[in-house]
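Each remark here refers to the structure printed beneath this line.
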Amino acid sequence: MDLEQRLTEVERRLAALERSAARPPVSAPEREPDEELWALRGLKEQWAELGADNGGVLFTGAVRTPAGLRYEWQYGLATDALLDDDWAAAAESFAALGQPLRLRLLREVLGGRCTAAELTGLDGTGTTGQIYHHLRQLTAAGWLQTAARGRYEVPAGRVVPLLVMLTAAGC
């Protein structure tokens, strides 16, 4: 298969995934208590319909933060596309999360403490300069964004992925 054919196939698969992601979320289907892996079976059927012979991954979530904000989000990618991607591009994002204080700052922002003043007032967070350094790192990596009047927020498209990464890390 030449490059143009591969690109056409990837674009077709991406369009199908985007259509799937645009659908309104559905609640978990009623199932028998002993029915295991119901979500995985449904996902495998979806990948088969899309012609993704090697399967893929999907992460999704419907969450409400301690601050009362609700997020519903899903993202899927075919295995072939994921394995062909440049993984080094993810290093900055992972590095930004690789510091315990930064994870605490993200948790605090999700919990409603949204200004640098509120964050520097927490015990054990360091100096104002240190807090701003960590906030800049998180913002540069896309885990935070500035909102009106010096407030920080986790971008909507990053809330569920952050929780998925924490889940994958065994938190």
Side-chain angles (χ1 to χ4, degrees), residues 14 17-31 33 36-40 42-43 46 56-79 81-171:
L14 179 60
L17 286 172
E18 287 174 338
R19 282 191 305 275
S20 171
R23 293 182 191 137
V26 295
S27 60
E30 294 295 323
R31 62 187 194 283
E36 292 183 32
L37 303 177
W38 58 268
L40 181 58
L43 178 61
Q46 287 284 325
V57 296
L58 172 73
F59 56 98
T60 185
V63 300
R64 182 175 45 183
T65 65
L69 300 172
R70 293 180 182 267
Y71 300 92
E72 293 181 346
W73 199 84
Q74 70 180 26
Y75 182 78
L77 193 60
T79 302
L82 183 58
L83 293 176
D84 289 343
D85 204 2
D86 178 17
W87 289 10
E92 181 182 352
S93 184
F94 284 122
L97 298 177
Q99 211 283 342
L101 180 56
R102 292 184 193 149
L103 293 173
R104 181 175 178 201
L105 292 173
L106 287 169
R107 184 179 58 212
E108 296 294 341
V109 169
L110 285 174
R113 290 185 177 92
C114 300
T115 67
E118 290 171 322
L119 296 169
T120 57
L122 298 170
D123 289 336
T125 57
T127 67
T128 302
Q130 291 169 326
I131 293 295
Y132 276 108
H133 167 76
H134 292 300
L135 293 172
R136 277 192 302 275
Q137 294 295 113
L138 291 166
T139 301
W143 292 108
L144 283 178
Q145 64 187 18
T146 54
R149 299 186 187 149
R151 298 179 68 79
Y152 290 89
E153 64 186 14
V154 178
R158 288 292 196 131
V159 173
V160 172
L162 174 62
L163 297 176
V164 167
M165 291 176 72
L166 290 166
T167 303
C171 289

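Index from 1, following the sequence. Since we're looking at a predicted model, the values are computed, not measured.
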Under 3.5 Å: donor-acceptor pair, side chain of [X], backbone of [Y]:
X: Glu118; Y: Cys114; result: yes
X: Asp85; Y: Trp87; result: no
X: Thr60; Y: Trp73; result: yes

[X] side, atom [atom1]; [Y] side, atom [atom2] - distance, nearest 0.5 Å:
X: Arg104; Y: Leu122; atom1: CZ; atom2: CG; result: 5.0 Å
X: Leu103; Y: Met165; atom1: CG; atom2: CE; result: 9.0 Å
X: Ile131; Y: Arg136; atom1: CD1; atom2: CZ; result: 11.0 Å

What pair of heavy atoms forms the shortest contact from [X] to [Y], and how long is it?
X: Ala95; Y: Arg102; answer: O-NH1, 3.6 Å
X: Gly142; Y: Arg158; answer: O-CG, 3.4 Å
X: Glu153; Y: Val109; answer: CA-CG1, 3.7 Å
X: Tyr152; Y: Leu144; answer: CD2-CD1, 4.2 Å
X: Pro161; Y: Phe59; answer: CG-CE1, 3.8 Å
X: Gly111; Y: Pro66; answer: CA-CB, 3.9 Å

With side chains defined as the heavy atoms from C-beta onward, is the minimum distance between [X] and [Y] less than 4.5 Å?
X: Leu69; Y: Arg64; value: no
X: Thr79; Y: Val57; value: no
X: Val159; Y: Leu162; value: no
X: Thr125; Y: Gln130; value: no
X: Leu135; Y: Leu105; value: yes
X: Leu119; Y: Glu108; value: yes

Between Trp143 and Ser93, a side-chain donor and acceptor under 3.5 Å: yes

